[in-house]
Amino acid sequence: MYIGKDVPHDSARGHVTGQSMYIDDLPPMPGELLVDFIWSPLAHARIRGIDFGDALALPGVVALYTHRDLAHNALGPILHDEPLLVEEVCTFRGQPIVVIAAESRQAIAAAKQAIRIDYEELKPILTIEDAIAAQSFIGDTRYIRRGDVETALAAAEHVIDGIFRSAGQDHFYLESQAAIVYPGEHGSLTVHSSTQHPTEVQEVIAHLLGIDMSQVVVNTKRMGGAFGGKEAQASHPAAMAALVARTTRRAARIVYDKDSDMHVTGKRHPFQNRYRVGFSRGGEITALKVDLYSDGGAYADLSPAVMARAMTHAENAYFIPHIEIRGTVCRTNLPPNTAFRGFGGPQGVSNIENILEEIAAFLKKDALDVRRANCYGVDTRNTTPYEQVVENNTLPRLFTELEERCDYRARMSAVRTFNDSSPTQLKGLSMTAVKFGISFNTKFLNQANALVNVYLDGSVQVSTGATEMGQGVNTKIRQLVADTLGVALERVVVMQTSTEKNNNTSATAASSAADLNGGAAVDACKRIRARLDAIASKHGPSLPFEALVKLAYQERVSLGERGFYATPRLDWDWTSGRGTPFLYFTMGTACAEVLIDRFTGELKVLRADVLMDIGRPINPGVDRGQLVGAFIQGLGWVTTEELRYTDAGELLSHSPTTYKIPNINDLPPEFHLDWIEHDNPVNVAGSKAVGEPPLLMAISVWCAVKHALGFVSNGEIAKLRLPASNEEILSRLMEYSRKGAAAIG
Ligand code: HPA
Ligand code: MOS
């Protein structure tokens, strides 16, 4: 058996030896063209005219394109509201206007110089506040409601209200957006794309070029990271290269450089949430009203679905009897914000965890006690605001076990003592939870197919719609196939993802690629195994797999199968805001301790403990990697990663020199990650999805900073935006010391 074992990641050797192939590692084809584009330098502008000048006559420049060269000019995963190329009005800085195909980078640079675009600058909307003032929204406000929130707020012993802001985040995948397109016979195209969603790339190319999807094959070997950034936005570069390949009949390559990638692509959605919470003197929340606003950028992209996930995570691990959650996506003149690991979940969860810290500060209670008082119950108090029952609830157990394991109570009193005595430093400690819903919150996306081919020598190829972005989905699928067929792992190969083998696939997203595609692969393998078992019962049950395969072939029994999986039980209705959007929840608790320099605002995470319920891991080593990586990526979001823009909407932090992702020195010196033994009977091999949920565990670090600031905030509830950058922390420290001095003086 391979399931449950630390089988090495199938690219581990390739990655460390440099042999793993990425898009730009594909060798150049004779006649291949490089593709780039001119993008709007302004956040909002009308194009008065485009003058190509002598660009087309420059050596090496082969073709120039505008929106007029496309059969259709609308894409977008939900609303199809986004032009690939600007028609008249540029609505964000970075929006493609002219596509350039040339034989060299120098020729592209010369073409960019030669082309003149005349802009009439228009007033942009660049913040959520401005969008609300202008009533600039994408789609309608949506609601999830339970009980009678107004009456319960009026009757509450205590009420707090406020505004909580969380900022965006760049995906910072190591491999930028990239695609290569090869023209084939009769206008067909073969595309290699660094995408989480080959089917969407196929669909977008076919639509924009006015050809059948059957004329376009999209292949994805692997991505050098994606994190949601290649769920919807890999389509744009691939479509530009496809336009070039189709019209020139030459291979076309597009690879964004890092700075351009950061300028032109969308990011995690910034949120601004207004809340009003009612609670008892014991800290039990009786009512919550929360009004979520996200910055969707210029087009819908995945924003409505991201908002839906924020809304279904707005109560997180806590039972709130009377609740009203409103969600509105703002339209601004920034690049369309998009999927990012957690997909709105972190924005919903950080909001309620902030509220819980505030209730504790207000009541002068320990925040863990407040959280425990509100935690979902196992048999009672276990229905979500959208009326899904929280089954197999391990949250109370996770709170109890982590509290003991990390010695929470003793450390909390040590933090108090430290803060009373240290004139130079400040500590904070907080334990937070996560309950992350697993399934796409768009019901029809919860399906997958798999192709399993068994060859005459007993070796096996499996192909699914899952894309490998480093997360190890191929390794997990390989383990599932080997065990289900009863064949040695070495004999199973997971093939490059291709729309030729697996049609109409969903994005590798929502943490559910192993669940869905693993489920489909197991389905195919079970049917092959049943046919082999029938042969074994005739010829002798002890025959090895290879011998059975030979017999099956001689008896003309099929040795290939296509499997299918559709997640059961799902039922979700937006108009009522009720139903069962998720098959199950991945859960966890995390405790972080931070140290702050009172004079500089410098932040260090001294220790982090994470304890999760991730079911029975198919590959514990791979899952540990996901836990570590997601926590650290979340740490970046809540602390150092700051997107800075000018007043004109120009991104200033567009490279690693100005945008600070965590590095090895940011790892907590004491860092414990573990999970409990707990079966998840509703999912493949009893496993649970792990890609996104541990990112939200880093919210504990942010809450620990807030907790620390509460020691110097002169009895007020400390306010803190997210990220808690050094600068943000220092601003708060200075504000509180000014106010403290004024009160004394
Ligand atoms: N996660 C990621 N992508 C999605 C989702 C989701 O929940 N819903 C639609 N696309
Ligand atoms: Mo992921 S944010 O579901 O692509």
Side-chain angles (χ1 to χ4, degrees), residues 76-80 139 142 168-173 177 193-201 203 220 223 225-235 265-269 294 296 300-314 327 329 336-349 386 388 435-448 465-471 473 497 504-517 567 570 572 574 579-586 626 629-630 633-634 637 689-696:
I78 298 176
L79 292 186
H80 320 297
R142 295 200 279 199
Q169 184 179 23
D170 189 84
H171 301 86
F172 222 93
Y173 28 65
Q177 303 280 359
S193 168
S194 182
T195 178
Q196 289 169 253
H197 201 342
T199 289
E200 186 165 307
V201 170
E203 197 177 12
T220 302
M223 285 159 277
F227 309 114
K230 297 170 182 173
E231 181 174 341
Q233 301 201 358
S235 299
T265 60
K267 323 225 170 283
R268 184 186 293 290
H269 291 73
S294 70
D301 194 284
L302 286 158
S303 297
V306 169
M307 178 54 81
R309 188 167 281 276
M311 292 171 72
T312 50
H313 287 69
V329 179
N337 285 319
T338 192
F340 194 137
R341 204 172 193 174
F343 203 80
Q347 294 95 320
V349 167
Y386 43 93
Q388 172 159 2
K435 169 184 125 287
F436 197 89
I438 302 300
S439 291
F440 284 95
N441 60 19
T442 303
K443 183 177 167 182
F444 67 82
L445 296 174
N446 295 289
Q447 57 174 313
T467 57
E468 177 64 46
M469 58 192 91
Q471 85 280 41
V473 67
T497 310
N504 312 337
T505 56
S506 293
T508 297
S511 297
S512 56
D515 295 15
L516 300 174
N517 297 281
T567 311
L570 302 179
W572 173 241
W574 252 124
T580 308
F582 306 118
L583 180 62
Y584 62 89
F585 298 94
T586 295
Q626 288 296 296
Q633 191 165 38
W637 176 56
V690 293
E692 296 168 290
L695 184 138
L696 292 81

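Start at 1 with the first residue, then count along the sequence. As the structure lists them, so they are numbered: ligands from 1, and atoms in each ligand from 1.
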Legend entry - Numbering as shown, the atoms of ligand 2 that approach F343 to under 4.0 Å (heavy-atom distance): 2 (S)
Inset, instruction - Can you label the angle between the F436 ring and the H313 ring as parallel, tilted or perpendicular, going by 30° and 60°? - result: tilted
Inset, instruction - Considering only non-hydrogen protein atoms, determine which one is nearest to atom 8 (N) of ligand 1 and report residue, atom name and distance to 0.1 Å. - result: N441 OD1, 2.9 Å
Legend entry - Atoms in ligand 2 flagged as close to F340, the criterion being non-hydrogen separation under 4.0 Å: 2 (S)
Inset, instruction - Hey, could you give me the CZ/CG distance between F582 and N446, rounded to the nearest 0.5 Å? - result: 10.0 Å
Legend entry - Protein contact to atom 3 (N) of ligand 1 [nearest heavy atom, distance to 0.1 Å]: E231 OE2, 2.7 Å
Legend entry - T442: numbered ligand 1 atoms lying under 4.0 Å from its heavy atoms: 8 (N), 9 (C)
Inset, instruction - Take the angle between the ring planes of Y173 and H171 and call it parallel below 30°, perpendicular above 60°, tilted in between. - result: parallel
Legend entry - Per-atom contacts, ligand 2 versus A339 - under 4.0 Å to a heavy atom: 2 (S), 4 (O)
Inset, instruction - Would you please determine whether E692 falls within less than 4.0 Å of ligand 2 on a heavy-atom basis? - result: yes
Legend entry - M307 CE to N441 CG distance, which is reported to the nearest 0.5 Å: 12.0 Å
Inset, instruction - Run the numbers for me: atoms of ligand 2, each under 4.0 Å from some heavy atom of E231, listed by number. - result: 1 (Mo), 3 (O), 4 (O)
Legend entry - For atom 7 (O) of ligand 1, the protein heavy atom that lies nearest, with its residue and separation: R309 NH2, 3.0 Å
Legend entry - Expected output: side-chain K267 to main-chain T265 donor-acceptor under 3.5 Å: yes
Legend entry - Numbering as shown, the atoms of ligand 1 that approach A510 to under 4.0 Å (heavy-atom distance): 1 (N), 2 (C), 6 (C)
Inset, instruction - Could you find the nearest protein heavy atom to atom 3 (O) of ligand 2 and give me its residue, atom name and distance? - result: A510 N, 2.6 Å
Inset, instruction - Have a look at ligand 1 and work out which part of F343, if any, has a heavy atom under 4.0 Å from it: side chain, backbone, both or neither. - result: side chain
Inset, instruction - Establish, from distance only, whether the side-chain atoms of D301 and Q233 form a donor-acceptor pair under 3.5 Å. - result: yes
Inset, instruction - Number the atoms of ligand 1 from 1 as they appear, then name those within less than 4.0 Å of a heavy atom of L445, with their elements. - result: 9 (C), 10 (N)
Legend entry - Distance, nearest 0.5 Å, that separates CH2 of W637 from CZ of R268: 5.5 Å
Inset, instruction - Using distance alone, with no hydrogens and no angle criterion, decide if T508 and T467 have a side-chain donor and acceptor under 3.5 Å apart. - result: yes
Inset, instruction - Could you grab the distance from atom CG of L583 to atom CD of Q388, nearest 0.5 Å is fine? - result: 8.5 Å
Legend entry - Residue portion contacting ligand 2 (non-hydrogen atoms closer than 4.0 Å) for R341: backbone
